[in-house]
Amino acid sequence: KEKIEFTTEQQALMRVITDAYNKHQIPQDVTKKLLQDQYSTEENFLLLTEMATSQVQVLVEFTKNIPGFLSLDREDQIALLKGSAVEAMFLRSAQALNKKMPIGHTEVLEERIHKSGISEEFIKPMFNFYKSIGELHMVLEEQALLTTITILTPDRPYVKDQPAVERLQENVLDLLRKMCVLHHPQEPQYFARLLGRLTELRTLSHYHAEMLASWKVNNHKFTPLLCEIWDVQ
Ligand SMILES: O=C(NC1CCCCC1)[C@H]([C@@H]1CCCCO1)n1c(-c2ccc(Cl)cc2)nc2cc(F)c(Cl)cc21
């Protein structure tokens, strides 16, 4: 049985990333609203664009807490944010859906998301991804580290100094690998499965512009920030 040791740097990294991740309250707000009322497709679209816009703002704050991120080239910081914002949003949505809820709440939430106005062709791939995240039963630290690894993806478009991003990502990958052994000792392949979800996440995120454009509303209005980050309009 492998004895897991964390260096002082790794303990500090874990604490900083988990604290920053916990500051993010948006998923609870959306869940609460969706469970409270049944919205029209227009209201759902507006809710999504509002939540996604504030999610981008929270994501920027979160990345500032990733040790070393602010020392990266300024344009590379923007390229990493732009390249990961949609994935981070879907990851957060998956985690919101898979949160422990009172009996029957998850079913209501799923039903309302199914009926929110999203075009049928995207329901299956989206829920397949949500289910595959749910099956992993990630602890909070693993969720926070997985989001960080998504942000620190070196091969995003327009990243100039990829090795610098790789170095930061490697630290977080090493920490996540240890956390996986610690929290899932019976599943030696757990870490590999977790990283495999990032491939599924990237594929799902390729559809995001189409998912939005095909939302069953007459007028697809986006905020300036979403137009910037989400390649829409
Ligand atoms: O607002 C959402 N997600 C936010 C985004 C910022 C971070 C927190 C979660 C949307 C909702 C869906 C219903 C209509 C209103 O939007 N959403 C999506 C979703 C996201 C992108 C597209 Cl294109 C389609 C659906 N999947 C969700 C799963 C969930 F469990 C919950 Cl609570 C909400 C979810």
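As the structure is a computational prediction, the values presented were derived from the model and not from experiment.
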Within a 6.0 Å radius of atom [atom1] on [X], are there more than 12 heavy atoms belonging to other residues, nucleotides or ligands?
{"X": "Lys160", "atom1": "NZ", "result": "yes"}
{"X": "Gln233", "atom1": "CD", "result": "yes"}
{"X": "Gln36", "atom1": "CD", "result": "yes"}
{"X": "Phe122", "atom1": "CZ", "result": "yes"}
{"X": "Lys33", "atom1": "NZ", "result": "no"}
{"X": "Glu228", "atom1": "CD", "result": "no"}
{"X": "Phe6", "atom1": "CZ", "result": "yes"}
{"X": "Lys99", "atom1": "NZ", "result": "no"}

| task | List the atom of Thr63, the atom of Leu81, and the distance in Å for their closest heavy-atom pair. | result |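 Taking every non-hydrogen atom into account, CG2-CD2, 3.7 Å.
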| request: For residues Asn44 and Lys115, report the shortest heavy-atom separation together with the two atoms involved. | output: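 Closest pair (atom of Asn44, atom of Lys115, distance): ND2-O, 4.4 Å.
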| Do the numbers put Arg92 on top of the ring of Tyr21, so that NZ or CZ is under 6.0 Å from the six-membered ring centre and no more than 45° off the axis? |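 The answer is yes, since Arg92 meets both limits relative to Tyr21.
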| message | Let me confirm one number: the CD-CG distance from Glu107 to Leu109, rounded to the nearest 0.5 Å. | response |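 The CD atom of Glu107 sits 9.5 Å away from the CG atom of Leu109.
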Taking the side chain as every heavy atom from C-beta outward, state whether [X] and [Y] have any pair of such atoms under 4.5 Å apart.
{"X": "Gln77", "Y": "Phe69", "result": "yes"}
{"X": "Ser119", "Y": "Trp215", "result": "no"}
{"X": "Ile26", "Y": "His24", "result": "yes"}

| message | Do Leu80 and Ile78 sit in one hydrophobic cluster, given that two such residues count as connected whenever their side-chain heavy atoms are within less than 4.5 Å of each other, even indirectly? | response |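 No, Leu80 and Ile78 fall in different hydrophobic clusters.
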| Is it the case that one hydrophobic cluster holds both Val139 and Leu182, taking links as side-chain heavy atoms less than 4.5 Å apart, direct or via other members? |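 In one cluster with Val139: Leu182, no.
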| field | Ring-ring centroid check His220 Phe45, cutoff 6.0 Å | value |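 Yes, the ring of His220 comes within the 6.0 Å limit of the ring of Phe45, centre to centre.
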Using a strict threshold of under 4.0 Å (side-chain N to carboxylate O), is an ion pair present between [Y] and [X]?
{"X": "Asp174", "Y": "Arg177", "value": "yes"}
{"X": "Glu120", "Y": "Lys216", "value": "yes"}
{"X": "Glu135", "Y": "Arg193", "value": "no"}
{"X": "Arg112", "Y": "Glu110", "value": "no"}
{"X": "Arg197", "Y": "Glu200", "value": "yes"}
{"X": "Arg202", "Y": "Asp155", "value": "yes"}
{"X": "Glu87", "Y": "Arg156", "value": "yes"}

| query | Do Thr53 and Thr223 have a side chain donor and acceptor closer than 3.5 Å? | reply |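 Per modelled atom types, Thr53 and Thr223 side chains form a pair under 3.5 Å.
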| request: Please check if any side-chain donor atom of Glu142 sits under 3.5 Å from a side-chain acceptor atom of His184, or the reverse. | output: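 Present: a donor and an acceptor within the cut-off.
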| query | Is there a donor-acceptor contact under 3.5 Å from the side chain of Tyr158 to the main chain of Gly83? | reply |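 A pair under 3.5 Å: no.
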| task | Indicate the ring-plane relationship of Tyr130 and Phe127, choosing parallel, tilted or perpendicular according to the 30° and 60° boundaries. | result |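 The rings of Tyr130 and Phe127 stand perpendicular, inter-plane angle above 60°.
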| task | With Pro67 as reference, evaluate Val16, Asn171, Leu168, Val172 under the side chain to side chain contact (heavy atoms under 4.5 Å, CB included) test and give the passing residue. | result |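 Option passing the side chain to side chain contact (heavy atoms under 4.5 Å, CB included) with Pro67: Val16.
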